[in-house]
Amino acid sequence: MELTATTTIRKPVSEVYAFWRDLENLPTFMAHLEEVRTTGDRTSHWVANAPFGKDVQWDAEILDETPGEKIGWRSIGDADVPNAGTVRFVPAPDGVSTEVHISLVYDIPGGTIGKAVAKYFGEEPHQQLDDDLRRLKQVLETGEVVRSDGAPWGKRAREEFPQRPAQPLSDAEFAKGAEA
Amino acid sequence: MRANTWAGRNKVEVRDVPDPRILNRRDAIVRITSTAICGSDLHLVDGYVPTMQDGDVMGHEFMGEVVEVGPGVDPERLRVGDRVVVPFPIACGACGACAAELYSCCENTNPNAGIAEKMFGHPVAGIFGYSHLTGGFAGGQAQYARVPFADVGPLKIESDVADEQVLFLSDILPTGYMGAEMCDIQPSDVVAVWGAGPVGQFAMDSARVLGAAKVIAIDKEPYRLEMAERAGHTPVNFDEVDVRSRLLELTGGRGPDKCIDAVGLEATHGSAHIATYDRVKQAVRAESDRPHALRQAIMSCRSGGVVSVIGVYGGLVDKFPAGAWMNRALTLRTGQCHVQRYMKPLLGRIERGEIDPTRIITHRLPLDDAERGFELFKNKQDHCEKVVLKP
């Protein structure tokens, strides 16, 4: 499965590139990621979120990189869900913003993990990636993922729909956090 | 705290809900001193805006005192103790739309942007108390509200001007003003305004402030037309006269130079069969909006004129007079109000006495009587024009 998405962020290319190049930032806006840990200059270890399939982990390596322009990576070893991605950073015509163009390829296996992944992406898989980029834009332009009373848990907003009512959280709900 | 909530179609209910808390670093909590019921709240109650949920706190016109700020709020811009009017669209101040002062199209403040994008092609800003389509933010018909990006939108009130003088800077005064501003009014212009509700009244006052030669008010409620007439505008009752003929009479056959639709998607119509056509199509969801006012504004406007739309539309309209619009070189301008753009200049006009926002207030009720306020306003009982609620 191949997914593409794009957004424009009102920050210079250098800043957007540097944020993405620090792969440990990816889970702040990518819904299916729990954690990315840098293990070397070009290598990293990725841990997926529960909805993507419990305990799905893999190692990845940056294979293709042009500073300030492009980062390309792919999973290495025997990943449960082999995947690869490319992100390109292009100066926008307004002279101040950066266009981010991302392309992800998943090699979805059979079995339980394949089912979980398919379920996670649902009928309109590109929407997950669109939402990821919306959050990237929020983080870079405003500093964090925007929360509302109806969608208080940041990157879970899409899966929370239909949502809790648009009224303040009780202490118990707040304490329970995203599991509430 | 007490808050007025949506409880299903045609039902609001004041309930006890938890107090709001800081969820993002640039949030503030505001203790609300005055809030109001907006005509657009009726679209929610009447069930024409999708994605409402039982328990949603309503209200997007409110002001009060800052009682808590998040760690990311710029202390140069906002501090605890400040008295603020809160604009209804939530804007981040940092995206491309905000840089262009298109605050109601802010690209970052709607956590449900993906849903809005499906309906509108591109997403729109978060709005307080206005469905999950615009973010699922609790509203301001309550004792307290959480205000995101509190150092961007809220206007500090530093004089001792009364709440009622400045409360409507949150929405309806800037909305009416933008409706007039989009008309690019010239001194010779006759401006016709469809709808003599609160937004229509402010569009009329703004058209006059911006220099229109004559301002016409179109409605069917005699008390609303009288209110417009008392403010110096010319009333046209569409229950009593044919609007197009009357407008031709009032403009020497030219038609109004500029037309403002301050009605939106729930228009009523003098012609029973056209009204029935739209109501039936709307009821079976073959058409989401009833655009009588918009159609009539387009047909009435003089060639080369401007039709400015500030009444709320939510989806699709039927029988849009594209031929009149195209062949007669009309300009159609619209938008949810970019309130943040207008608050300061309009505060100046209020302080200089050029506009008196209090002239439309007919009812002042405690928050706990919100349900009655909605009844009065929706059914136009007791000559209701605008309800202010006191938490």
Side-chain angles (χ1 to χ4, degrees), chain A residues 5 7-11 29 31 92-99 122 124 126-175 177 180, chain B residues 1 3 5-6 15 17-27 29 51-58 70 72 90 92-100 106-115 117-118 123 126 128-139 142 144-146 148-149 152:
Chain A
T7 191
T8 297
I9 296 172
R10 203 175 152 75
K11 290 284 175 186
F29 63 92
D94 68 358
V96 294
S97 303
T98 302
E99 292 179 6
E124 293 171 273
H126 65 91
Q127 285 191 345
Q128 304 291 345
L129 195 54
D130 288 345
D131 286 346
D132 287 345
L133 288 193
R134 261 192 265 280
R135 284 185 291 267
L136 169 67
K137 182 175 161 72
Q138 288 172 9
V139 169
L140 282 167
E141 289 182 343
T142 80
E144 59 188 328
V145 174
V146 176
R147 293 154 187 263
S148 72
D149 312 272
W153 309 123
K155 61 182 191 174
R156 289 172 47 117
R158 172 82 67 175
E159 80 192 71
E160 283 167 344
F161 219 88
Q163 304 179 330
R164 65 180 301 288
Q167 65 170 243
L169 296 148
S170 67
D171 291 343
E173 277 178 299
F174 190 73
Chain B
M1 66 169 183
T5 62
W6 194 83
R15 309 183 217 203
V17 304
D19 287 348
R21 64 175 79 233
I22 304 279
L23 293 178
N24 280 113
R25 293 170 48 83
R26 289 165 72 190
D27 291 351
I29 305 296
T51 72
M52 289 298 290
Q53 286 181 217
D54 187 11
D56 285 354
V57 178
M58 298 186 63
I90 304 169
C92 77
C95 66
C98 286
C106 174
E107 296 156 13
N108 283 322
T109 53
N110 185 350
N112 300 327
I115 314 293
E117 193 174 60
K118 278 200 164 157
F128 293 101
Y130 213 75
S131 87
H132 292 252
L133 189 64
T134 57
F137 290 93
Y144 294 88
R146 163 190 173 240
F149 297 104
V152 178

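Labels below follow one simple rule: chain letters A, B, ... track the order of the sequence lines, proteins then strands, and each chain is numbered from 1.
Pairing each heavy atom of B:Asn112 with each of A:Ala151, the nearest pair is OD1-CB, 4.1 Å. Closest of all the heavy-atom pairs between B:Ala138 and A:Asp149 is N-OD2, 2.7 Å. Of all non-hydrogen atoms in B:Pro20 and A:Pro168, the two that sit nearest each other are CA-CB, 3.6 Å. Minimum interatomic distance between B:Cys92 and A:Thr142 (heavy atoms only, all atoms of both residues): CB-CG2, 3.7 Å.
Neither the backbone nor the side chain of A:Val96 has a heavy atom closer than 4.5 Å to any heavy atom of chain B. Proximity to chain A (any heavy atom under 4.5 Å) is restricted, for B:Glu117, to the side chain, taken from C-beta onward. In this structure, the portions of A:Leu169 lying under 4.5 Å from any heavy atom of chain B include both its backbone and its side chain. Neither the backbone nor the side chain of A:Asp94 comes within contact range of chain B; no heavy atoms are under 4.5 Å apart. Using a 4.5 Å cut-off between heavy atoms, B:Pro148 makes no contact with chain A at all. Proximity to chain A (any heavy atom under 4.5 Å) is shown, for B:Asp27, by neither the backbone nor the side chain. Looking at B:Met1, the atoms closer than 4.5 Å to chain A (heavy atoms on both sides) all sit in the side chain, from C-beta outward. Looking at A:Ser97, there are no atoms closer than 4.5 Å to chain B (heavy atoms on both sides), in backbone or side chain. For B:Tyr144, no part sits under 4.5 Å from any heavy atom of chain A, backbone or side chain.
Taking CD from A:Glu173 and CZ from B:Arg21, the interatomic distance works out to 9.0 Å, rounded to the nearest 0.5 Å. Atom CD1 of residue B:Ile22 and atom CZ of residue A:Arg147 lie 13.0 Å apart, to the nearest 0.5 angstrom. With rounding to the nearest 0.5 Å, the separation of OG in A:Ser148 from CG in B:Asn110 is 8.0 Å.
Considering only residues two or more places apart in sequence or on other chains, B:Asp56 meets the side chain to side chain donor-acceptor pair (under 3.5 Å) condition with B:His132. Taking the side chain to side chain donor-acceptor pair (under 3.5 Å) definition, one finds that B:Arg26 meets it with B:Asp151, sequence neighbours left out.
Comparing B:Gly135, B:Cys95, B:Gly96 by how many heavy-atom pairs each has under 4.5 Å with chain A, the most go to B:Cys95.
Contact check for B:Glu107 versus A:Thr7: no side-chain heavy atoms found under the 4.5 Å cut-off.
Counting only distance, with no hydrogens or angles, the side chain of A:Glu144 and the backbone of B:Arg25 share a donor-acceptor pair below 3.5 Å.
Considering A:Arg134, A:Gln138, A:Glu141 as possible partners of B:Asn108, the one that fulfils the side-chain hydrogen bond (donor to acceptor under 3.5 Å, both in side chains) test is A:Glu141.
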